[in-house]
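The block underneath contains the structure these notes are about, expressed in structure tokens.
Throughout, a chain's letter reflects where its sequence line sits, starting with A, and its residues are numbered from 1.
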Amino acid sequence: MPELPEVETVVRGLAPLLENQVFGLAQAPWVKVIEPWELDEFNASLKGRTLLRIFRRGKYICCDCDGFYLVVHLRMTGRLYISAKPEGDDKWVRFSVALASGGFLAFSDARKFGRINLVTSLDFLEEKLGPEPLELKPEDYADIFQGSERTIKVFLLDQKKLAGVGNIYADESLFRAGILPTRKVSSLKRTERVCLGEKVMEVLSQSIVHEGATISWYRKPDGTQGESQKHFSVYGRGGQPCLICGTDITRIVLGQRGTHYCGKCQH
DNA sequence: CGTGGGACCTGAACGC
DNA sequence: TGCGTTCAGGTCCCAC
């Protein structure tokens, strides 16, 4: 599922329910989800700790648990929600942890790509993540989109350059900026780089307002769907007419990812 | 340094 | 109905 807007929506939905909660015992029906931890060691470290604050960094969900950070990555099909039962509310729950209030924080993940970790420092995240897109000014992007011979589409997906943009919002941002995904970063003029920065910020903030995109698996913590998918211009619209000019949207593969664009509106 | 392929996994959609 | 194929929002690792 999840790119920055989806993860942000999950964090905002969970914050009021989790902050100041005390963790009880955790279960991991699929223990690999907490690798390299063993369940008993994991519990020895987490049980009894208070969740002070939950926040997002890139596509990672970070919980400050007063001595440890609980870090969750949803990857493709992960869901995080509060359940009344330790086994959760669906058949793909890989992990759950009791809360002192009586409920359970459940992590469900059909494809088993997601991971939950417990660490004493978030330095490892800073080592692999670039800046937060929404904390930049459009002009800052002129410096970020530089020094590469890669295509701009592949570049946008590089979390080390910019944290949180995924396949959907890369395509949508490039459409709004009128830039072909196949362009080399080095070919972009300064005005195009700044424009793309503006559009990245616009697309991400609007998607947060719409509470993320439900294509298939993503759900808000309350179980309902996001609305962003109703506002896509190109993602998933291969072969359908461009909403601006009517030309069929093209679908190609770049960096092994489906890539959608309008050959007439984007240059 | 960059790219391409594969791995990690399961479920849904689609063709026959 | 059932079977096989293809595709999927992400990231990591290795070969070249």
is_close_aromatic(A:W30, A:W92), centroid dist under 6.0 Å: no
Would one find a side-chain N or O of [X] under 4.0 angstrom from OP1 or OP2 of [N]?
| X | N | answer |
| --- | --- | --- |
| A:T77 | B:dG11 | no |
| A:H73 | C:dG10 | no |
| A:R257 | C:dG10 | yes |
| A:K128 | C:dC12 | yes |
| A:R150 | B:dT3 | yes |
| A:K112 | B:dC8 | no |
| A:Q256 | B:dT3 | no |

Re C:dG2: Watson-Crick or G-U wobble partner, both distances kept under 3.5 Å, found to be B:dC16
Please tell me which of the listed nucleotides, [options], lies nearest to the side chain of [X]?
| X | options | answer |
| --- | --- | --- |
| A:W92 | B:dC9, C:dT11, B:dG11 | B:dG11 |
| A:R115 | B:dC9, B:dT10, C:dT11 | B:dC9 |
| A:R251 | C:dG10, B:dC9, C:dA8 | C:dA8 |

(Q) Hydrogens and angles aside, do A:S207 and A:Y169 bring a side-chain donor and acceptor to less than 3.5 Å of each other? (A) yes
| said: Would A:E6 and A:K220 count as a salt bridge (charged side-chain N to carboxylate O under 4.0 Å, His left out) here? Give the steps. | reply: CA-CA 8 Å; A:E6 289 74 30; A:K220 290 151 56 185; over 6 Å; no
| Under the 3.5 angstrom rule, does the side chain of A:R94 hit a backbone N or O of A:D109 as a donor-acceptor pair? | yes
A:Q159 CD to C:dC12 P, in whole Å, measures 9 Å
Exactly one of A:L118, A:L18, A:V119 clears side chain to side chain contact (heavy atoms under 4.5 Å, CB included) with A:L70, and that residue is A:L118
| task | Check if the side chain of A:E149 and the base of B:dG2 share a donor-acceptor pair of N or O atoms closer than 3.5 Å. | result | no
Between C:dG2 and B:dC9, how far apart are the two C1' atoms, rounded to whole Å? 23 Å
- Query: Contact class for A:K32 (heavy atom, under 4.0 Å): base, sugar-phosphate, or nothing?
  - Reply: sugar-phosphate
